[in-house]
There are 2 protein chains.
Amino acid sequence: MAEIKEKEPVLEQKSQFAVPYYAISYDKFFQFGLSVDCVVFGYHEKRLKVLLIKRGAEPYLGSWALPGDLVYPNENIEVAAKRILKDLTGISELFMEQTKVYGKVDRHPAGRVITTAYYSLIDIAKHDPHASAWAEGVYWVDLEEVPGLAFDHDEILEDALQTLRQRVRHQPVGFELLPQKFALADLQALYEALLNEVYDKANFRKRILAMNLLINLKESQKDVPHRPARLYSFDKKRYDELIAKGFSFEL
Amino acid sequence: MAEIKEKEPVLEQKSQFAVPYYAISYDKFFQFGLSVDCVVFGYHEKRLKVLLIKRGAEPYLGSWALPGDLVYPNENIEVAAKRILKDLTGISELFMEQTKVYGKVDRHPAGRVITTAYYSLIDIAKHDPHASAWAEGVYWVDLEEVPGLAFDHDEILEDALQTLRQRVRHQPVGFELLPQKFALADLQALYEALLNEVYDKANFRKRILAMNLLINLKESQKDVPHRPARLYSFDKKRYDELIAKGFSFEL
DNA sequence: ATGACTTTTGGTCAAAAAAACAATAAGTAA
DNA sequence: TTACTTATTGTTTTTTTGACCAAAAGTCAT
């Protein structure tokens, strides 16, 4: 390794970490609040939605906002994120991923609160959110119809959406979002909703099948007013493989 | 927008945000410390390095670590990040991007300190880091030779590297990292170092030139013991365009 | 000055992937 | 039986990629 500078004596203007840590001035530096805000995306009937609350308390009483809460001083952040999501949707087993931290000095009227954003993606039909501690009501709002949000939540949502799309392009998604048996058109509708694009049906089919990810169930749709589509299910093994290795989906 | 549940009365177990904010118990929740850790990548002579310090104070005295510092309660996080970087390298005008937050309860012996990681990328030749407040010494360490680091800095570095590579694949990089005039081979060496891959020379050339990003300077290298290469410079206008729109670089 | 050597540069070519689109199949509904 | 709708398969064309060749333009040693 190349040393660029000779070692120099430590300068007089020390940081708080340059003094013995037991001497740190707690009052001065340890006065941040930490919160988590959850961006829960939900998929339902070919549409992408996001879970919002109507705030039942100050500040921003009555405003729309992302569900969030303060983290306890002895609680890990991911734990807090899962706690909040669970309180809200009753479920815990699903992926939650951090996007960014938001820490503007004046972002919260109650003091210096920095917040960590997490996002996840669930099948709306399978979960039943309920108003709780935080909110008067919890609502699934179509992405196209999101109103202005409290705090800096507009920005948080925007960033989370971008991260979600980024992720969806490189990791398969679906197990939790589609029924056990589904048609290729369902999968296509899912991707079209997530990425907000439109694909050619025939080519989409070829691409997906080439991934070797689906099991042909030799079974067809019922009760559709047209030619019924063949049903498929995910090949769990191959699916996990792709999640680990990643893939590219730039149709 | 679809309402999933009727509004319910707010439950008895309220979160701290569900009460008037002036009633928040400050002692209980507002006791986090916030720090920033900087992952400064540097490019020099076809190698990618990272700026590390040798800690001059407890905890982890004598260990290698990423440069970082506490954020002031009235200071924005990005401002803190730039302050730290500036103290360390003397420069301020360059991109710094957040990667993640790290907030494990026990990650810091001095208390509950959560840290935000930022990364950036500079030309080593153009900057001269110096030991300062935080450290006995500051060193450029080749990525292949990074020792074990203090705190959770190994993880932070790993994540930052991944994010850097992700970004480099989708946004052009170069202005700050190459001299005004450079040969295509220089640009190729840069990408090979950043992404740790090897490309075919002829095809690399075609790809890059097709982007319409370079200006042919009608001027050649001097003093090389072989056929001198044509020199190019970036087309500033086109460069900014690509930074805004993004591009794909999956050679 | 000549040939050896090195890297640049321009080009070809085949293989692979993507995109566009045409034709047929399998149902329902009237 | 025909009209209608979506599914499915297949073909064709175009674009992109990857591998590789050979000439070009210098330096260097002899």
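Order of the sequence lines sets the chain letters (A, B, ...), proteins ahead of strands, with each chain counted from 1.
Ring orientation note: the planes of B:Tyr199 and B:Phe204 are close to parallel, at an angle under 30° on the 30°/60° scale.
A straight line from CG of A:Leu187 to P of D:dT8 spans 13 Å, rounded to a whole angstrom. In this structure, A:Leu184 atom CG and D:dA7 atom P are separated by 9 Å, rounded to whole Å. Atom CG in B:Leu231 sits about 12 Å away from atom P in C:dT8, given to the nearest Å. Put simply, NZ on A:Lys222 is 13 Å from C1' on C:dA26, counting in whole angstrom units. What separates CD of B:Glu219 from C1' of C:dT8 is a distance of 16 Å, to the nearest Å. What separates CG of B:Asp223 from P of D:dT27 is a distance of 8 Å, to the nearest Å. Here the P atom of nucleotide C:dT9 and the CD1 atom of B:Ile208 are 14 Å apart, to the nearest Å. Straight-line distance from the OH atom of A:Tyr232 to the C1' atom of D:dA7: 10 Å, rounded to whole Å.
By the 6.0 Å and 45° rule, A:Arg167 stacks over the aromatic ring of A:Phe95.
Distance from the side chain of A:Arg205 is smallest to D:dT9 among C:dT9, D:dT9, D:dG26. In the set D:dA25, D:dA7, C:dG27, the nucleotide with an atom closest to the side chain of A:Ala185 is D:dA7. The nucleotide whose nearest atom lies closest to any side-chain atom of B:Pro228 is, among C:dC21, D:dG26, C:dG27, D:dG26.
If you check every strand for non-hydrogen atoms under 4.0 Å, B:Ala183 touches nothing.
Mapped onto DNA chain D by nearest heavy atom, B:Ser220 and B:Glu250 fall at different nucleotides, with B:Glu250 at the one closer to the 5' end. Mapping B:Lys201 and B:Lys206 onto DNA chain C via the closest heavy atom, the residue that lands nearer the 5' end is B:Lys201. Along DNA chain C, the nucleotide nearest to B:Ala229 and the one nearest to A:Asn203 differ in position, and the one closer to the 5' end is contacted by B:Ala229.
The base of C:dT8 sits with one of its N or O atoms less than 3.5 Å from a complementary donor or acceptor on the side chain of B:Arg227. Residue-to-nucleotide contacts include no donor-acceptor pair under 3.5 Å from the side chain of A:Asp200 to the base of C:dA18.
Shortest non-hydrogen contact noted between B:Ala193 and B:Lys46 is CB-O, 3.5 Å.
Proximity of the aromatic rings of B:Phe175 and B:Tyr239 is defined here by a centroid distance below 6.0 angstrom, and this criterion is met.
Residue A:Gln162 places its CD atom among 12 or fewer non-hydrogen atoms of other residues, nucleotides or ligands, all under 6.0 Å distant.
For B:Arg207 and D:dT17, the shortest distance from a side-chain N or O to OP1 or OP2 is below 4.0 Å.
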